[in-house]
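Heads up, the thing below is written out as structure tokens.
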Amino acid sequence: MNITWTPIQKQRLQELNASEAQREMCFESPQARDRAFQEQEHLLVLDGKQRLLELRDIKKRPSICLLEQQLVEALTKQGFVQVVTPTIISKASLAKMSVSEDHPLFAQVFWLDAKRCLRPMLAPNLYTLWKDLLRLWEKPIRIFEVGTCYRKESKGSLHLNEFTMLNLTELGLPEDQRHQRLEELASLVMDTVGIADYQLELTSSVVYGDTLDVVKGIELGSSAMGPHVLDDQWGIIDPWVGIGFGLERLLMMKEESQNVQSMGRSLTYLDGVRLNI
Ligand code: ATP
Ligand code: MG
């Protein structure tokens, strides 16, 4: 009973989003294993085709778009204002986030030319808006953005080169309420997505120093709070909290999927279903 899938079989099962039980199966002989592989692959292919038919006939939109819509509705209901900012940002705004030549994130940035890149994060734009909104609106200022971010990543089952970030921020809240507020915001997002039993863990980020991460086996989100050393650069003095989630990771967790690639922008997968079936 100790024969397991071959590496190629294992990879195919992962592509097809096999369940953990399917991926962990053991066999008496290679023949029994290969027979079982054919059966399991057949079942997964049928399931994928069924899901594609449902997409065409009923659902019409991929889960990532539906998730974004649910989050936008939940956040606007709680008084957060959605903003839409450029995906092309300046080298100077990255430097204001302390991301310059010797910074670990710098090597992950996609450069368009000497002065402009594709944003690896939403924070520089949100910091910029805060400064103007502080003049125009009273505090607290609650804004969020959902948008694509780009990072050169050595591929793995958790990292995409382009992914959808949700970053929600609240500026100008009482300093002693920051922790509690972050917990409330994390819970608002996790409840909306439908993920229970997550943890908040103190870790360290290359940009923000100490951050409170939202974790369930994998990192789903990272939060930070101010006053923060970066605030000076942006002319911000009020206390704030902010939390960023990757929508593909949230979806992967919710749907118990095996890889983040199947959830994101893809030509290989459509709404989580591998197309070579
Ligand atoms: P990790 O340590 O997992 O690489 P990170 O700490 O670099 O992530 P953050 O900068 O904290 O990521 O970004 C906030 C969230 O965005 C992460 O918690 C994760 O959900 C998501 N995210 C970050 N990078 C990627 C990526 N390359 N692909 C998909 N999602 C990502
Ligand atoms: Mg992080």
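Sequential numbering from 1 along the given sequence is applied to the chain's residues. Values reported hereafter were calculated over all heavy atoms of this structure, with side chains retained and with hydrogens, waters and symmetry mates removed. Indexing begins at 1, ligand by ligand and atom by atom, following the structure's order.
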Would you check the N or O atoms of Gly246, main chain and side chain alike, for any that come under 3.5 Å of an N or O of ligand 1?
yes
Considering only protein heavy atoms, which is closest to atom 8 (O) of ligand 1, and at what distance to one decimal place?
Glu219 OE2, 3.7 Å
Exam field: side chain Asp271 to backbone Ser63, donor-acceptor pair closer than 3.5 Å
yes
Does the side chain of Phe80 reach to within under 4.5 Å of the side chain of Ile143, using non-hydrogen atoms?
no
Output yes when a side-chain donor or acceptor of Asn125 lies under 3.5 Å from a complementary backbone atom of Leu122, and no otherwise.
no
My understanding is that we take every heavy atom of each candidate and find the minimum distance to atom 9 (P) of ligand 1. Doing that for Met252, Arg151, Met165, which one comes out nearest?
Arg151
Side-chain (Trp5) to main-chain (Cys26) donor-acceptor, under 3.5 angstrom:
no
Criterion salt bridge (Lys or Arg N to Asp or Glu O under 4.0 Å) against Glu41, the qualifying member of Arg35, Arg274, Arg12, Lys10:
Arg12
Inspect the surroundings of CG in Asp191 and state if more than 12 heavy atoms from other residues, nucleotides or ligands are less than 6.0 Å away.
yes
Do Glu68 and Leu247 have side chains that approach each other closer than 4.5 Å (heavy atoms only, starting at C-beta)?
yes
Pick from Arg249, Gln261, Gln108, Lys152: the one approaching atom 3 (O) of ligand 1 most closely through a non-hydrogen atom
Arg249
Leu220-ligand 1 polar pair, N/O distance under 3.5 Å
yes
For Val260 and ligand 1, does the shortest N/O to N/O distance drop below 3.5 Å?
no
Can you name the N/O/S atom of Glu219 that is nearest the Mg ion (ligand 2)?
OE2
Close-contact set for ligand 1 against Gly244 heavy atoms, below 4.0 Å:
14 (C), 15 (C)
Trace of the salt bridge (Lys or Arg N to Asp or Glu O under 4.0 Å) decision for Arg51 with Glu54:
CA-CA 5 Å; Arg51 285 178 56 190; Glu54 279 168 22; over 6 Å; no
At a non-hydrogen distance cut-off of under 4.0 Å, which region of Thr211 contacts ligand 1 (side chain, backbone, both, or neither)?
neither
Around atom CD1 of Ile237, are there more than 12 heavy atoms of other residues, nucleotides or ligands at under 6.0 Å?
no
Considering only heavy atoms from C-beta outward, does the side chain of Asn17 approach that of Ser262 to under 4.5 Å?
yes
Take atom CG in Leu136; do more than 12 heavy atoms of anything else shown fall under 6.0 Å from it?
yes
Quick one: which ligand 1 atoms are inside 4.0 Å of a heavy atom on Gly221?
18 (O)
Considering the heavy atoms of Leu160, write down every atom of ligand 1 situated less than 4.0 Å from one of them.
26 (C), 27 (N), 28 (N), 29 (C)
Glu153 and ligand 1 - part of the residue with a heavy-atom distance under 4.0 Å:
side chain
If you have a sec, work out which protein heavy atom is nearest atom 4 (O) of ligand 1 and how many Å separate them, to one decimal?
His159 NE2, 2.6 Å
At a threshold of 2.8 Å, where the distance has to be below it, does the Mg ion (ligand 2) have an N, O or S atom of Ser222 nearby?
yes
Does an N or O from Glu248, backbone or side chain, lie closer than 3.5 Å to an N or O of ligand 1?
no
Between Leu158 and ligand 1, find which residue part has any heavy-atom pair under 4.0 Å and reply side chain, backbone, both or neither.
backbone
Between Met121 and ligand 1, which residue portion shows a heavy-atom distance shorter than 4.0 Å: side chain, backbone, both, or neither?
neither
